[in-house]
2 protein chains.
Amino acid sequence: MKDVAQHAGVSTATVSRVLNGHAAPTPETRERVLAAIEELGYRPNALARSLRTTSTQTLGLVISDLLNPFFAEIARAVEDEARSHGYCVVIGNADESAEQEATYVRTLLDRRVDGLLLCPATDDPSLVREVSAGGVPLVLLDRTVRGATCPVVRADGSEALTALARRLVGAGHSRIGVIAGPPNTSTGRERTDVLTAVLGGVAQIVHGDFRQESGSQAAARLIDDGATALVVMDNLMGLGALGEIRARGLQIPHDIALAVFDDQPWFPLLDPPITVIAQPTVEMGRAAARSLLALINGQQPDDVRLTAKLVLRGSCGEAEL
Amino acid sequence: MKDVAQHAGVSTATVSRVLNGHAAPTPETRERVLAAIEELGYRPNALARSLRTTSTQTLGLVISDLLNPFFAEIARAVEDEARSHGYCVVIGNADESAEQEATYVRTLLDRRVDGLLLCPATDDPSLVREVSAGGVPLVLLDRTVRGATCPVVRADGSEALTALARRLVGAGHSRIGVIAGPPNTSTGRERTDVLTAVLGGVAQIVHGDFRQESGSQAAARLIDDGATALVVMDNLMGLGALGEIRARGLQIPHDIALAVFDDQPWFPLLDPPITVIAQPTVEMGRAAARSLLALINGQQPDDVRLTAKLVLRGSCGEAEL
DNA sequence: AGGCCGTAGTTAATCGATTACACATGGATG
DNA sequence: CATCCATGTGTAATCGATTAACTACGGCCT
């Protein structure tokens, strides 16, 4: 910057003013400065700028698993929304581990992100408290924590799950296996709560860990226990369950019905196409980014609750109803 | 930091030394400083540190599309490898657009990443030159550019493609449709070059843009033109092609054979399971991160060329051979 | 006792920007 | 013609760390 100033025969203050579009500099000065910038190929140092202004124009996003397309879509949406407001997004991959999540959150805070979006790995509120105590704007995404004091953006699958459960019972299923998320995640608990409320003893619940492998294992157990329908609360575990069903040579929906939370582009391609509860991932991501930006701008955004939709495709024997 | 120093009754220099594990401070001083840090909940400002040390301990990764699981896996691997060396990764999503790619690259450079990993959207070398001119360590990933002067990490699918092509010809296919990537990407061109070399006039090539939609359209055209086999050069376009095949009610492999570049966890679940050319994504990501770190440490890493493997599953009529 | 040295710690410059304040210039005003 | 104000620019402090150069303090040797 000093070089640019010298080249243009002005002070660094003037260069800075030109860069930041202040009213002061004369059109001619501005021209000269811009020419010098161009000629020297100068690019301002964002670190120095941020240090001085205490604003990085960056949002932190800590998600549970980048390989889960559900989160990848969210990340993408967050990024789009942020970019359209001149913000950049730094993504941290917690890998469904509370420790790694904490590490990432701290790293991002150390780098002074202007705000943080978090998909908490567990419903333990301590990390959230820590961030709030630091005064950094925080929005929770997809999952919440106990006694959360910050805005939360998530999808509500109660209606869809209820409709699905009724349908399965109506089709005569009397042993419905539920492959749920970990009991210490809000999504893991809430979704199963809805189901048990509707299904009562008909439901048999096994908790997985939102990973493919746990889906296969849970499916194996449930099938061994005589389940005639499987409801899987996450697409990765759904993938595992599907693998197990195929490995056993079972026919969907004849031998076993299947429904999965989260839609994926390849679900319609299976035979039969898979019935899903689709979450509005893009809208969730965008809404979360908007809420966070609002918070950064001193507003107090409300919680956002979007609805997940039941998409019937055939894997629950819809055709036969 | 000043507060911590005061609290511990030392100077900021001493605090800094404690933080950075310098030899100087006495165990007692160290204790006192650590206590003060603990008590005040002090966390060092990474921006200030980076400004002073001109090192951010951060790698930039600009990829073509986060929603493409191929790149998501790579991103994940890069991140793992980087983290194990104490580096953080900032991901930028170019969305297969050269402009957005350039924007991201510049943003990352402005933030002074220590090095950059790039999956170039086109084979135009100008952006690469710009980065190199800035003296920032750069490694290309998956794709290269014309006259690249930096290390490149990619997968070689020639053998696998050749074997696949021979097999298809051997099975009697005389019109083989190839859905390729854009001709101005190295992967788009090289893969088709291999195929045309082996197949000659038997191959009919349509270029897509690495997105699902273009896969459907290309498949439609090729099928209309009488193709009895499709080779798709990317998993997203493969998804599109599959959709088109299903929409037309064609049976795989009876009516049409199909093979796709990039393996995906759900390919084995289709009926029949899809034959693929699997790229070693994790190894690619790790290797790229390692090369970049080597470059940052002043070494001159070689190009890395990993081999993609043909995985026969049935969608090319393997059972019938 | 005096000189020397190693060690622990302090002072102050520095990284590259932003910005409050001071200053100079020139035109309008009484 | 002196005064005042508006306007454009420069000076220098500042953000929060790191680190070279310096100082103070003991202990050791002769």
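All figures in this text were calculated on a predicted structure; none of them were measured in a lab. Chain A is the first sequence line, chain B the second, and so forth, proteins listed ahead of strands; every chain is numbered from 1.
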Check step by step if salt bridge (charged side-chain N to carboxylate O under 4.0 Å, His left out) holds for A:D80 and A:R76. CA-CA 6 Å; A:D80 280 353; A:R76 172 72 195 284; 3.6 Å; yes

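Mapping A:K2 and B:V10 onto DNA chain C by nearest heavy atom places B:V10 at the nucleotide closer to the 5' end. Where A:N20 and B:S11 each meet DNA chain C at their nearest nucleotide, the meeting point lying more 5' is that of B:S11.
Heavy atoms of A:S16 sit under 4.0 angstrom from at least one base atom. B:T26 comes within 4.0 angstrom of the backbone, heavy atoms only, and of no base. Among the protein residues, A:T53 comes within range of the sugar-phosphate backbone only, with heavy atoms under 4.0 Å from sugar or phosphate atoms but none that close to a base. Within 4.0 Å (heavy atoms only), B:T54 reaches no atom of the nucleic acid at all.
The CG atom of A:L51 sits 13 Å away from the C1' atom of D:dT18 (whole-angstrom rounding). Rounded to a whole Å, the CZ atom of A:R43 is 16 Å from the P atom of C:dG16. In this structure, the CE atom of B:M1 is 14 Å from the P atom of D:dC15, given to the nearest Å. As rounded to whole Å, 13 Å separates atom C1' of D:dC15 from atom CG of A:L47. Between B:N45 atom CG and D:dG16 atom P there is a gap of 7 Å when expressed in whole angstrom units. Rounded to a whole Å, the CZ atom of A:R52 is 16 Å from the P atom of C:dG16. Here the C1' atom of nucleotide C:dG16 and the CZ atom of B:R112 are 9 Å apart, to the nearest Å. The separation between B:D110 atom CG and C:dC15 atom P is 19 Å, rounded to whole Å.
Remark: side-chain polar atoms of A:E101 are paired, donor with acceptor, to backbone N or O of A:A121 under 3.5 angstrom. In this structure, the side chain of A:D209 engages the main chain of A:R211 through a donor-acceptor pair within 3.5 Å. Checking side-chain atoms of B:D142 against main-chain N and O of B:C119 turns up no donor-acceptor pair under 3.5 Å.
Nearest nucleotide to the side chain of B:T12, out of C:dG16, C:dG9, D:dT18: D:dT18.
Contact check, A:T29 against D:dG8: no side-chain N or O comes under 4.0 Å of OP1 or OP2. B:S50 has no side-chain polar atom (N or O) that falls below the 4.0 Å cut-off from OP1 or OP2 of C:dC15.
Using modelled atom types and a 3.5 Å distance limit, the side chains of A:S55 and A:R49 yield no donor-acceptor pair. Judged purely by distance below 3.5 Å, without hydrogens or angles, the side chains of A:Q100 and B:R83 pair a donor atom with an acceptor atom. Side-chain contact, B:S16 with B:N20: a donor N or O sits under 3.5 Å from an acceptor N or O.
At its two ends the helix from C:dA1-D:dT30 to C:dG30-D:dC1 runs along axes set 60° apart, each axis drawn from five pairs and the angle rounded to 10°.
Partners of A:D156 according to the salt bridge (charged side-chain N to carboxylate O under 4.0 Å, His left out) rule, which considers only residues two or more places apart in sequence or in another chain, are A:R305.
Judged by atom type and distance alone, A:R49 does not reach the base of C:dT18 through any side-chain donor-acceptor pair under 3.5 Å.
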Please tabulate, one pair per line, each protein N/O and nucleotide N/O from nucleotides 20-26 of chain C that are separated by under 3.5 Å, including the distance.
none

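Between atom CZ of residue A:R30 and atom CZ of residue A:R17 there is a gap of 11.5 Å, rounded to the nearest 0.5 Å.
No option in B:I91, B:D95, B:N93 other than B:N93 meets the side chain to side chain contact (heavy atoms under 4.5 Å, CB included) test with A:E79.
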